[in-house]
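All values reported here derive from a predicted model rather than from experimental measurement. Just so we're on the same page: letters track the sequence lines, and every chain starts at 1.
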Amino acid sequence: MTGFNVLHALGYDSFGLPAEQHAIATGVHPRVNTESNVANMRRQLRRLGLGHDARRSVATTDEDFYRWTQWIFLQVYNSWYDETSGRARPIVELESEFATGARPTPNSVAWSTMSRDEQRAAIDNHRLAYLSHAPVNWCPGLGTILANEEVTADGRSDIGNYPVFKKNMRQWMMRITAYADRLLDDLDRLDWPEPIKLMQRNWIGRSEGARVDFASPAGAITVFTTRPDTLFGATFMVVAPEHPLVEALTTDENRSAVEAYRAAAAAKDAIDRQDDTREKTGVFTGTYATNPVDGSRVPVWVADYVLMGYGTGAIMAVPCGDQRDFEFARRFGLPIPAIQQPPAEWFEARGLAVQSGASVDTNSWPEAFVGDGAYINSSNSGVSLDGIESIEEGKSRMNAWLAANGHGEPTINFKLRDWLFSRQRYWGEPFPIVYDEDDQPVALPESMLPVLLPELEDFKPQALDPNDDVTDPIPPLARSNEWRNVVLDLGDGPRTYRREINVMPQWAGSCWYELRYLDPTNRERFVDGDVEKYWMGPADGGDGMTGHTGGVDLYVGGVEHAVLHLLYARFWHKVLFDLGHVSSAEPFHRLFNQGYVQAYAFRDPRGQAVPAAEVEERDGKYFFDGEEVTREYGKMGKSLKNIVTPDEMYDDYGADTFRLYEMSMGPLDASRPWNTRDVVGMQRFLQRVWRNVVDENTGDIKVSDAETPLELRKLLHRTIDGVRSDMDGLRFNTAIAKLIELNNALTQHVTAHGNTPREVALAITRMLAPLCPHMAEEIWSRLGHTATITYEPFPDAESSLLQDDTMEYPVQINGKVRARIVVATGADETAVREIALGDDKVLAALAGATPKKVIVVTGRMVNIVV
RNA sequence: GCCCGGGUGGCGGAAUUGGCAGACGCGGGGGGCUUAAACCCCCCUUCUCGCAAGAGAGUGCGGGUUCGAACCCCGCCCCGGGCACCA
C-alpha cells in the first residue's frame, strides 16, 4: 500500500528440547508431534490473515533445511579465525601458510617434519568448530549437557529447572570468542533496543586490563587484573582450586589441607559455589611468590572465590582496593596496606574521621575503597604513581613499566566463553562428522549431505536421576548400530567409520533460518548470493564492514532471546559473511521486542490453578464451581490454565476483532494483560463501520456521491495524517484510536444523513485494510471493486485540510488555565497577547492586577504571570 | 548487591517528548428506541466539596529547577526483567 516490496515470513524452529520433552511426555514421536503442531499453527495463523508468504515458510526439522544447517556447520568447521586480518578464512589457507612458512607453526617446527597427527592437531586447534575435553554443564535430569547460556544463575537448567553439574567431557565447541570484539563493536551499528544491546554487552563482558607474572618456586603465576595500578597493594595471591599449578605450589606441611579443600570445592555444585552471601573460604599453599613491583614476598592461597574459567584462574589480591580481597584478608588476618588516599567525602559518607597521607589506617575501614584517589606508597626505583589522582593515568604508567621490564602486558579479557555445541539427545541435527579408526573426526563431503536422523523406536534419553552426577550420558543415537557404523569412501577407499552420535543444540537451525526465507527452494545453495544481496545487503551499498550492516529490516521477537539465539545467529552470520557467502555483516538490522500477553489466573483454596475461562466474578470476588478462588496474574500458559486460544476468539468474535483487540490494547513493546471482556469494544467498532457503509436489512451500499461536509473532510485528512505516522512508528494502538474517532464522527453523519460520503468510505476502508483485512476486503468489493484492496495505495492527506483558520489557545494565569481564546491560525505573538489580555475571563481573573510577564508560545498557549 | 525497564482514573492505556493531564476502548450512570428485554443510538463518567455556576486537589513518595514538570535534576519506595565472587 505504500509501495514497498515486502518479504514477510514465519518459520518453525522445531528441533530441540521443548519439542523432545513434549514428545517424551506424550509418547508420540517428535516428528509426528512437531508436524501436527506446525500444521495447527499454520492453520491458526492463516485464519488470522497475517500476510506471511506461505511459500517461504520453513521448518528447521525439514530434511531439505537441515541439510544446509549441516553444510554451514562444515563451513564453520573448515574455517579458522585469522587475528591478523580480523576475519574467518578457509582452513586450507592456514595449512598452506603453515606449509610455506608464512605462518609459524605452534612450536616453530618445520611443517614438513611434523607427523600427520601433529599437523592435524595444529590445524584442528584453529578450527572455529572443534572438539574439546572441557568441564561442561551436565544436566542428568535432561540427560544432556547445556551451554553456559542455558544454565540459570542458581545453577539449574533453563528448561525444566533441573540441577546442573560440572563434568569433563569431549564435546563440540564453537569458537564464538574469536568474534567477541566484532560482536561487541557491531552492536553500535544495529537498530536494536538499548536494553538488549546492554545485555549482550554484559554477556560478552569485555574488560581491559593487564597480565602480570609473579615469580614463584613453582614457576611464574600469571594473573589477569583490571587494576594494574594497584600492584603496590598486592599483598597475597589466590589461585582457583582447579588451577594447574596448585599441586606444585603446595608445600608438604600444607598438602593435606589443600587437598581436602580442593576435594570439597570439587564436590560443591554450582549453587553452593555461586552463593556470594557465604563467607570466604580458602587455604594457604605454604608458598610465597614475588610481587614484581617491589620484590615483596606474597603468600599464595587457594580459594574458590577465584574461578578457573575466567582470566587466568589466578589473581593478585589487593585487599584495600577490591571488596572480595578485602573480605578474604579480614577473614584470614592478612595485612591491608592502603595505596590510595580516599577523598574526604568517602570517609564522611561512612561516618569516619578523615584520614590522610601515608598514615591511612585501613583497620577502621568498613570496606575496600574503589575509585579515583591519590596514590600513596606506590613507587619503586623505576616507576612512581604517588600523588596521581586518576586511575586511568595510574594504569597507563604501570602498564608501560610492566611492559618495559618484561613483567606483563596490557590485555583484554572477555566473560564470553566458547559455545558448547553438542547435545546428547535425539531430536536435533546430526553432525556431518564421522570418526576414523584413530577416533579422529573427519568432515563428510558436501555430496554426502544431508546426514539424516535415523528413525528410532526409543528416542528418549537415558533415564537418570536428576541428582546423579556420576553416570555418563549415552546419546540416543548410540542405540542404532547400523546407523552409527558405516563404510564410506572418503577419498582413500572404503573404510569403516563411526558417526558422531551427539546432535546439534536447538539453536543451530535458528542461526540462519532468515536466510532460507529468501530462497527456500534453492537446491544448489543455502541462499543465492544475488537474492541475499537484494533483500539483506547493506542499505548504503557498502561492504558491511563500516556503515550499514545489512540484515533483515525488521525482526520482531521476544526479549528471551537476548543472549542465546541473537548472539549465536550473529556469530554464524559473521562467519558466513567472512567467507563471502553473504553480503550482510549482521543477520537482523532492526530488532523490535514485542511484549508478552499476560492474563489473570485463578487458584482454588488448595492452591490448584482452575480454568480461568470458567471463573465468574461477583461483587469483586471470584468463583469457580461455586467456590471462591483467588486471582493472580502471569504470562499466558498451560500451567496457569489461563490460555485463550485464537480459535476461541475466531469463533466468538472473528479474526478481525481479535487482531484489532491485540493491537489496540497497548503499545507493541509492552507486556499487557489479556481481558476477554474488553474484546467487545473492537467488535462494536467494526460493526459500526460496517453499518455506516452497508444497510443491515438490505445488504445495499449506503454510500453517497454528495460532497463531504468540510468538518468531516478535515477530520478525515487529520486521521489519514495521524494513522500514517502511527503505522510508520508501529503505534497500532493509537492508529486504531484515531480510526475509531473518525468512525464515531462518521456515525453521527450517517445518523443525520442516512449515508456515508464515498470519499470517506474509500479512505477508511483502505486505512482499515492492514488492520482488519477480511472486513476491509469485503467492504471494498461491495463498493464495486473487483481487485483486492491489498495493493491499493494508502490514502494521502491533503495538507491544506490539516489546519483550521482559527485555533484555540489556553490562557494560563500563574500556570493555571483560566480562559480559552480563539485566534487566527497564523497570528503572531503580539496579536495573541492582545487578545489574551483583552479577554473578559482573563480580565476577571486578573481582578485589576498588572501582569509581570506574559509568555506567548505561538501555536501552543499563553501564560500570564502576576 | 550491581545494571536495565516501569509506576497516570474502577481497568487497559493516551499525552506531538517541557506547554490544556486522562485521547480511544472496557466498566459504571442516565436517557431514547421497544409491549418488554437484548442489540442499537445519544449524553455523563479523575477525585473531593457544591443543587448549581464554580472552587480545590491530582500522574508512586519527598524535595528542586522553570513563567510552566507525567516529562528534566536530587533523594527514597514499590513492581517487572537481566547479571551475579568475572579479578
Straight-line distance of A:K738 NZ to A:I720 CD1, nearest 0.5 Å = 13.5 Å
Nearest 0.5 Å please: distance from the CH2 atom of A:W346 over to the CD atom of A:Q340.
->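 Between A:W346 CH2 and A:Q340 CD, I get 10.5 Å after rounding to 0.5 Å.
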Between [options], which nucleotide has the shortest distance from any of its atoms to the side chain of [X]?
X: A:M199; options: B:C85, B:G19, B:G82; result: B:G82
X: A:F224; options: B:A87, B:C20, B:G25; result: B:A87
X: A:R860; options: B:C85, B:G19, B:A21; result: B:G19
X: A:R820; options: B:C20, B:A87, B:C67; result: B:C20

Would you mind classifying the nucleic acid contact of [X] as base, sugar-phosphate or nothing, using non-hydrogen atoms under 4.0 angstrom?
X: A:T225; answer: sugar-phosphate
X: A:N733; answer: sugar-phosphate
X: A:N675; answer: nothing
X: A:S207; answer: sugar-phosphate
X: A:Q812; answer: base
X: A:T751; answer: nothing
X: A:R201; answer: nothing
X: A:L198; answer: sugar-phosphate
X: A:K816; answer: sugar-phosphate
X: A:V865; answer: sugar-phosphate
X: A:M665; answer: sugar-phosphate

Could you tell me whether B:G82 is syn or anti, where syn means a glycosidic angle within 90 degrees of zero?
-> anti
Roughly, in whole Å, what's the span from [atom1] in [X] to [atom2] in [N]?
X: A:R211; N: B:A87; atom1: CZ; atom2: C1'; result: 12 Å
X: A:L307; N: B:A87; atom1: CG; atom2: C1'; result: 9 Å
X: A:K415; N: B:C85; atom1: NZ; atom2: C1'; result: 11 Å
X: A:M861; N: B:C67; atom1: CE; atom2: P; result: 13 Å
X: A:F732; N: B:A14; atom1: CZ; atom2: C1'; result: 17 Å
X: A:Y661; N: B:G25; atom1: OH; atom2: C1'; result: 10 Å
X: A:N814; N: B:C67; atom1: CG; atom2: P; result: 12 Å
X: A:W674; N: B:G13; atom1: CH2; atom2: P; result: 14 Å

Parallel, tilted or perpendicular: which describes the rings of A:W301 and A:F328, with under 30° parallel and over 60° perpendicular?
-> perpendicular
Under 30°, 30 to 60°, or over 60°: which ring-plane class applies to A:F369 and A:W365, parallel, tilted or perpendicular?
-> perpendicular
Answer with yes or no whether the side chains of [Y] and [X] bring together a donor and an acceptor at under 3.5 Å.
X: A:N692; Y: A:T747; result: yes
X: A:D418; Y: A:T177; result: yes
X: A:N733; Y: A:S664; result: no

Could a donor-acceptor pair under 3.5 angstrom be found where the side chain of A:K738 meets the base of B:C24?
->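 By the distance-only test, no, there is no pair.
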Hey, is the side chain of A:D678 pairing donor to acceptor with the base of B:C26 inside 3.5 Å?
-> no
Pairing partner of B:G5 (Watson-Crick or G-U wobble, both distances under 3.5 Å) |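 When the pairing criteria are applied, B:C79 turns out to be the nucleotide that pairs with B:G5.
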Find the partner of B:G18: check Watson-Crick (N1-N3 plus N6-O4 or O6-N4) and G-U wobble (N1-O2, O6-N3) distances, both under 3.5 Å, and reply none if neither fits.
->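 B:G18 is paired with nothing.
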Using only side-chain N and O atoms of A:R684, determine if any of them is under 4.0 Å from OP1 or OP2 of B:C26.
->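 Checking B:C26 against A:R684, a side-chain N or O does come within under 4.0 Å of OP1 or OP2.
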Just to confirm, is there a sub-4.0 Å distance from OP1 or OP2 of B:G25 to any side-chain nitrogen or oxygen of A:N744?
-> yes
